[in-house]
Amino acid sequence: MATLTMPRRAWVEQVMGLPISIHLRGPAVRDPHVHDLVQATYDELRAVDSLFSTYNPASDVSRINRGELTVADAHPLLAEVSLLCELAHERTAGCFDARLPRPGGGTWWDPTGVVKGWAGERAARRLAAIAGHDVTVNAGGDIAVMPGRKDSTPWRIAVEDPDDPDRPLAVVPLAAGGIATSGTGRRGLHIHDPRTGLAADAVRAVTVVGPSLLWADVYATAAMVMGPDARDWLESLDDYEGLVVGPDGVRTTSGLTTLD
Amino acid sequence: MRRIVLVVVSTISGLVMLFSYHTSTMGAGATAGPGTGASATPVDPGSASPAPSQSQATPKTTSGGSGGSGSGSGTFTGGVVDTQWGPVQVQIKVSGGKIRRATAVVYPSGNGRDAEINSYALPVLAQEVIAAQSAHIDQVSGATVTSDGYIASLQSAIDKAHL
């Protein structure tokens with residue numbers, strides 16, 4: 001209850017081609033040192049982008065794909081992300097794969113499916129150093145939440161309705177952890193099944209909530225690929241819950257208590 | 001931005017419709033929407049929420065709140081409203097004439113799933129309740145909250161409110 005009356009402050013900057021908003025709740029949100037730490041966090045997100053961007057020809061990822069650099073010789077964060085990509089591939093039965101088919105044959109490496117959640121979670125962890133302050137980092141709809149206190153009031157996270165983005169489909173209270181949504185969206189962006197190369201469009205959107213934004217994001221993407229099996233697969237995961245918007249309506253895993 | 005304002009207006013009237021708290025105990029300022037010019041009187045029931053069948057508010061004195069009754073502050077518990085899922089009851093906290101918090105204190109849970117719910121269980125509020133409470137959303141998770149969709153998004157409005 002106390003945190004509701006706490007001062008709150010937001011910052012928004014465009015990084016990695018996305019609006020990334022940082023919200024802090026706590027007594028010192030107007031202090032200059034807090035502002036400086038937020039700016040340093042954005043600087044770090046930009047540094048991550050300069051390493052991992054697939055659009056920037058000078059990034060380590062681009063150089064690796066051109067064969068000019070190996071993961072072992074790249075910035076140490078590349079090895080960390082590479083390992084996470086392998087783990088994500090294993091934990092999703094191959095429905096998540098950072099190795100994409102190259103048009104002329106062979107594969108190229110695109111770890112961005114892991115990087116967004118990983119970077120958002122990393123930023124939130126860094127900001128959690130501000131004692132007594134609740135943190136959310138929202139990277140284009142994927143949100144990392146770090147509590148500043150044991151009794152922090154949950155943030156009320158709306159899950160967007162893919163058919164009407166102005167009207168939430170659900171609200172999930174979250175005090176700690178991560179929540180991510182994957183979907184085909186309005187931009188006509190498609191998620192492909194790495195096992196077949198075909199567009200995964202059996203379900204409209206999947207939202208996953210759990211202790212880690214990185215894994216919520218990976219699982220949401222993988223569940224999109226699984227299509228009709230998405231809900232049952234999410235049900236089988238420990239510590240993660242999901243909401244699937246499919247042709248038969250909205251279905252949730254049993255750990256989400258719904259009103260219907 | 002006009003669209004966002006309309007959303008807020010409709011959610012406020014939805015809230016009022018659902019819980020129709022006593023205005024007499026809250027002062028004149030209490031029923032005005034937070035700066036949107038929203039009328040607190042339900043004009044058009046629309047489809048935003050189920051009709052309140054027996055929603056008489058029961059004002060309770062706050063123990064820790066500043067400002068007593070009559071100054072537009074306090075905790076108010078709406079009457080139990082029968083919805084398609086069962087009874088729903090919502091509590092709102094008001095200070096300075098504005099709704100600071102809305103919480104569902106009673107909602108149906110007899111769906112047989114309760115026993116399965118693990119320690120990480122989280123409630124997902126259904127849409128009719130959200131319609132009444134979406135003025136209190138802190139963040140939006142969605143696939144369209146990207147550069148193209150951001151400017152007109154609910155998330156953008158929430159960010160702006162706290163810059």
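Within every chain, numbering begins at 1; the chains are lettered A, B, ... in the order of the sequence lines, protein sequences first and strands thereafter. Quantities reported herein were computed from a predicted structural model and do not represent experimental measurements.
- Interface residue A/A180: only backbone heavy atoms are found under 4.5 Å from chain B.
- Of the two parts of A/W11, only the backbone, made up of N, CA, C and O, holds a non-hydrogen atom closer than 4.5 Å to a non-hydrogen atom of chain B.
- The main-chain N or O of A/A10 is never found under 3.5 Å from a side-chain atom of B/D159 such that the two would form a donor-acceptor pair.
- Between B/Q139 and A/S21, the shortest heavy-atom distance links the atoms OE1-OG, 4.3 Å.
- With a 4.5 angstrom heavy-atom cutoff, A/I143 touches chain B only via side-chain atoms.
- A distance-only check finds a donor-acceptor pair linking the side chain of B/S141 to the backbone of A/G141 [under 3.5 Å].
- Considering every non-hydrogen atom in both A/P168 and B/I137, the closest pair reads CG-CD1, 3.4 Å.
- Heavy-atom distances place the side chain of A/T136, and not its backbone, under 4.5 Å from chain B.
- The residue among A/D142, A/I157, A/V145 with the most heavy atom pairs within less than 4.5 Å of chain B is A/I157.
- With rounding to the nearest 0.5 angstrom, the CZ atom of A/R25 is 6.0 Å from the CG atom of B/D138.
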